[in-house]
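Order of the sequence lines fixes the chain letters, A, B, ..., with proteins taken first and strands second; residue numbering starts at 1 for each chain. Computed from heavy atoms alone, side chains included, the values below leave out hydrogens, waters and symmetry copies.
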Amino acid sequence: MGPWAIAVHGGAGVDPNLPKERQEEAKRLLTRCLDIGIVALRSNVTAIDVVELVVKELETDPLFNSGRGSALTENGTVEMEASIMDGPKRRCGAVSGLTTVKNPVSLARLVMDKSPHSFLAFSGAEEFARKQGVELVDNEYFITEDNVGMLKLAKEANSILFDYRIPTIGTCGAGATMDSPLQMNGLPISVYAPETVGCVVVDKEGRCAAATSTGGLMNKMTGRIGDSPLIGAGTYACDLCGVSCTGEGEAIIRSTLARDVAAVMEYNGLNLHEAVDFVIKNRLDEGKAGLIAVSKNGEVACGFNTTGMFRGCATEDGFMEVGIW
Amino acid sequence: MGWAIALHGGAGDIPLSLPPENRLPREAALRHCLDVGIAALKAHKHPLDVVELVVRELENHQNFNAGKGSVLTTSGTVEMEACIMDGKTKKCGAVSGLSTVVNAISLARLVMEKTPHIYLAFDGAEAFAREHGLETVDPSHFITPENIERLKLAQEANRVQIDYTQPIQKEVKKDAASADVDSQIGTVGCVAVDNEGNLATATSTGGLVNKMVGRIGDTPIIGAGTYANHLCAVSATGRGEMIIRGTVARDVAAVMEFKGLSLKEAAAYVVEQVPPGNVGLVAVSSTGEVTMPFNTTGMFRACATEDGYSEIGIWPDSPSK
């Protein structure tokens, strides 16, 4: 039906002062993940299998905010969430509140394939994981020293700036900080960089798929669910395209960002690039976010209104690019 | 222009042979809730307050699948979820996995107004409710004999069903749950617009009979079961998994915006895209229109507009005034 294409991301909203070594490390990881996806696509692996494969790799690596290396809740624990969607029949699976499941995206896949539901969370999801025999580990496995340090900074930033529990006038999250590119969710980007991960793929048969995975917002309230497991917000795939978003979760939810890319293609006849541009420019209001997308025709696009987005993309004709700014 | 309100008590395979002892209390409840909503709109309450008020009434009424009267999980427990959204600001709040909070919709509102987040679930949501002094009760408060019976029937039907460790057809599972014909009745919701074009929507539910513990449906997912923007406010009901993949509530507004369809046309279009027997919704537009399409056997519903029109119904073509 057409050429394959793949894109990956490791979060929109990057600290401009991120040390060079971290930037290089990130680019190496993105390149490695792209390579894994490319090898799979060349071997005719289907889109849905490729996105799961790639996101598993991102979850396993502690660099970004998913699986191992997830951001910490206010209690210093990890609660992970993920979703996956298969374009052809718009089948989907999502999970939230995971504390022992090594690869959340794979559990989301099992929810889609092996349960009568689309979304399982917290102890019910963990119980399902046990019954499915997926790999389980202690919560400590996911916690990194880096993030323990970040949580401390986040709590300090919270108490210095304002009581984050009571939103100021304006939308939740961005509030009065829209002019400063150095803040996300109202707080310093060096601490709150989202670093959610995701992958979108279109295979040779023109089938699109998308998957997103995250530990969520640093210092979040326990029980907080963000955009990543919400179909239509952080993840979406249909006949036309596959989309994965990252950034301020609340802004992405409110703007149903992933669905909107597909909706303007479907209802307004825009092509992938036009749709991505339109949505980023017009749907986020004061919110800060980014996304990657592929179309059934083998196109790939990304868009973001943040300071940078860790991303990589490749198409069958040999094009490949990894970038941050 | 003018205010408008619509509410629902669930779409599903409501049998035409529904006996009066099941039908009349529900019709009376719909009428009562409609009156509550109308009075609030006439008193110039903001639509956000109106929809919360009406959904609280529906949650407290044990004949609908929300709050008291919620259907049961496979473990015989109640896990409630709700969602509220303001059209003008697109501020929203959602909760899932509640077992002791008397009014889930009010907790959703609190999440929207008192946290930097949109969505809280399970233990975290329950703790938040307690911190803020929201009314909580023993979980048994929500459980009714009818729902214990529904669960029993659903579980008996499932015995012919392959167990969850094998891949299953979602359609087969649906038939099993339909063994008890009104097990598909789910969810309550309300949408309202005032004569300044302020829009709001609220949805609340106990979910699916015999659902897996931890299962989240469409209700708390913005864009699926609940959505409002400057054009319209939508609350959907039916088979959650279908509503999620169909991004039903969001699509009504998207179709209005991008295809220039009227509220009625857009809502009908979206409902048609979902496999029959799976969805119903209520919606109002910023200009005071109202629509209540469904592709199920019936949907408990009621609506009213400022010009004096009002309607209460269950099946197609059976509105009573």
Side chain to side chain donor-acceptor pair (under 3.5 Å) assessment of B:N198 paired with B:K88: CA-CA 6 Å; B:N198 292 310; B:K88 250 197 187 126; 2.9 Å; yes
Winner by heavy-atom pair count (cut-off under 4.5 Å) against chain B, out of A:I225, A:T222, A:L110: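 Heavy-atom pair counts peak at A:I225.
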Chain A contacts, top residue of B:D123, B:T73, B:I216 (heavy-atom pairs, under 4.5 Å): B:I216
Residue selection (most heavy-atom pairs with chain A, distance under 4.5 Å) from B:G217, B:G223, B:G124: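 Of the options given, most contacts go to B:G124.
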Residue B:E257 versus chain A: region with a heavy atom under 4.5 Å: side chain
Engaged part of B:R250 at the chain A interface, taking heavy atoms whose separation is under 4.5 Å: side chain
Whether B:Y269 and A:Y267 hold their rings parallel, tilted or perpendicular, with breakpoints at 30° and 60°: perpendicular
Under 4.5 Å heavy-atom distance to chain B, tell me which part of [X] shows up: side chain, backbone, both or neither.
X	value
A:R224	both
A:D227	neither
A:A121	both

Contact summary for B:A224 and B:D218, nearest pair of heavy atoms: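 Looking at all heavy atoms of both residues, the closest pair is CB-O, 3.8 Å.
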Cationic N near anionic O, under 4.0 Å, A:E250 to B:K91: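 The answer is no: the pair does not qualify as a salt bridge.
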Short side-chain donor-acceptor distance under 3.5 Å, B:T219 and B:T205: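 No, because no side-chain N or O of B:T205 sits under 3.5 Å from a partner of the opposite role on B:T219.
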Exercise: do B:S96 and B:Y119 side chains pair donor with acceptor under 3.5 Å: yes
